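Only one structure is covered here, and it is reproduced in the block below.
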Number of protein chains: 2
Amino acid sequence: MLDKAVVVLEALERGPLALSGLTTATRLPRATAHRLAAALEVHGLVRRDADGRFALGLRLVGLGREAAADLPVTEVARPVLEALRDETGESTQLYVRDGDRRVCLVSLESPHGLRTIVPVGASLPLDAGSAGRVLRGGAPAGARGGWVESVGEREAGVASVSAPVRDVAGSLLAAVSVSGPVERTSRSPGRRYGAAVVEAAAAVEAALGSAHA
Amino acid sequence: MLDKAVVVLEALERGPLALSGLTTATRLPRATAHRLAAALEVHGLVRRDADGRFALGLRLVGLGREAAADLPVTEVARPVLEALRDETGESTQLYVRDGDRRVCLVSLESPHGLRTIVPVGASLPLDAGSAGRVLRGGAPAGARGGWVESVGEREAGVASVSAPVRDVAGSLLAAVSVSGPVERTSRSPGRRYGAAVVEAAAAVEAALGSAHA
DNA sequence: ATGTTAGTCTCACATGATGAGACACGGCGG
DNA sequence: CCGCCGTGTCTCATCATGTGAGACTAACAT
């Protein structure tokens, strides 16, 4: 049943659906889809919107918040990424590794009209993008000033620079990223933002270190 | 099974747990708790942290984000609440009604050392607090300049002012709130912040109206 | 060595998930 | 008006699978 409940949640993740849409999206029989949605509704994981459609329940907001909050780096990194966004004028993100994916835990957007947008909670591959490479452990401590850059790897026209955040024992915790359109970042974003990103990662590390004191 | 899976998620919402802790928190037999956590782990709703404990899975971050995003008022209200926080110097929140509760969808904190903190996703009663009263429909359009205040109702020492956000058809969508310690807000917070809160609610409404155009 | 605790797996049995189909309702077309 | 179709909700016989006691493994303490 849990498997099917998750299928329902994933269908609703794309947007609210009436029962017939849910039936189509999940490939479940109407009665099964209805019953699962109703069962999820009892628990607040699904709700009925004003049009009577099924939608993801607001209980998930709190659960998602607590999931992110279990990683102390999330809140510690937020003000640092805000400053980095303001300093660079580009969008900034914090990623952590989740199995063979990376998940975005903090995402702050550039004020420019043209900007990169990564939703909080987005799950992205590790094999593309600078943050993916960082989180795979591909950032040798000394090489290239401690940052990794990518241009058009995960998405055409998007460049990024990332640096690792490590804990006091040296374990890789997260990646701090700046990303933006190639038009502004240039094809060598590392030259432009690398030092700032590394500095931000160090600030996160420092804040984490003091949070443990 | 779904009921029990939710019990597991709720147990982990309080923080990561080893299996024995999960067994205690859920009152489920060890094997059942283990199997449920493992099943949830397959779906990313639970993860194993660095210490091998079960924790809420990062998949929930994205689900929570999408749940909130299904309500357009959430993103529309964010910049307005940022400005309101900066203008008042107090914490600001956006609440929506969820059944017989209210859920906080946006929560921005005052820069003061002493501030109110409401977690995003927090589910609170409707029968206490200014936002609760607003969302119960207890804010007559003309009365008291369109705002509702409360002092120490939900939490001792905390005062708040809230105003309703309505859609173009006049239906109640959300409540905008300013809250802070009585020491700063005074026992008549409405006198101090009411106009700003109502103005913010109107700005949200205007932004919603233009988002539909 | 023995006992305890933590995590994981097995399996007989009971429970409840399942889905085809029934039912109710509303809207539309002939 | 009636019939049809689509939507949402409920029923119930069937059987798939969830359940938990207990077994097994590993690590740690005495």
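Per chain, numbering begins at 1; letters A, B, ... match sequence-line order. A quick note: this is a predicted structure, and the numbers were derived from the prediction, not measured.
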Quiz item: Along DNA chain D, 5' to 3', what are the outermost nucleotides having an atom less than 4.0 Å from a heavy atom of chain A?
Solution: D/dT7 to D/dG18
Self-check item: Contact residues, residues 2-21 of chain B to DNA chain C [heavy atom, < 4.0 Å]
Solution: B/Ala18, B/Leu19, B/Ser20
Exercise. With sequence neighbours excluded, give me every side chain to side chain donor-acceptor pair (under 3.5 Å) pair touching residues 103-113 of chain B.
Key: B/Glu109-B/Arg115
Quiz item: First and last nucleotide of DNA chain C in contact with chain A, 5' to 3', at under 4.0 Å to a heavy atom: what are they?
Solution: C/dA17 to C/dA22
Quiz item: Got a sec, which pairs hit salt bridge (charged side-chain N to carboxylate O under 4.0 Å, His left out) with one end in residues 73-83 of chain A, sequence neighbours left out?
Solution: A/Glu75-A/Arg78
Practice problem: Would you check if A/Leu94 and A/Val80 make a side-chain contact, meaning some heavy-atom pair closer than 4.5 Å? | Solution: no
Quiz item: Are any of the side-chain heavy atoms of B/Phe54 and B/Val8 separated by less than 4.5 Å?
Solution: no
Quiz item: Just checking B/Arg53: base, sugar-phosphate only, or nothing, at a heavy-atom cut-off of under 4.0 Å?
Solution: nothing
Would you give me the side-chain donor-acceptor pairs under 3.5 Å for residues 25-37 of chain B, sequence neighbours excluded?
residue	atom	partner	partner atom	Å
B/Thr26	OG1	B/Leu22	O	2.6
B/Thr26	OG1	B/Leu28	N	3.3

Practice problem: With sequence neighbours left out, write down each residue that passes side chain to side chain donor-acceptor pair (under 3.5 Å) with B/Asp100, or none if nothing qualifies. | Solution: none
Quiz item: Hey, does A/Arg48 have a side-chain heavy atom less than 4.5 Å from the side chain of A/Glu41?
Solution: yes
Quiz prompt | 5' priority, DNA chain D, between A/Arg48 and A/Met1 [closest heavy atom] | solution = A/Arg48
Quiz item: What residues form a side chain to side chain donor-acceptor pair (under 3.5 Å) with A/Ser123, not counting sequence neighbours?
Solution: A/Arg101
Self-check item: Inter- and intrachain pairs under side chain to side chain donor-acceptor pair (under 3.5 Å), touching residues 156-165 of chain A, at least two apart
Solution: A/Ser130-A/Ser160, A/Ser130-A/Ser162, A/Ser150-A/Ser160, A/Ser162-A/Ser177
Quiz prompt | Qualifying residues under side chain to side chain donor-acceptor pair (under 3.5 Å), relative to A/Asp127, sequence neighbours excluded | solution = none
Quiz item: Between the side chain of B/Asp167 and the main-chain N/O of B/Ala169, is any donor-acceptor distance below 3.5 Å?
Solution: yes
Self-check item: Backbone N/O of B/Val168 and side chain of B/Arg166: donor-acceptor pair under 3.5 Å
Solution: no
Practice problem: Could you check which residues of residues 25-44 of chain B get a heavy atom under 4.0 Å from DNA chain C? Sort them by number, please. | Solution: B/Arg30, B/Ala31, B/His34
Self-check item: For B/Glu153, side chain to side chain donor-acceptor pair (under 3.5 Å) partners two or more places apart
Solution: B/Arg133
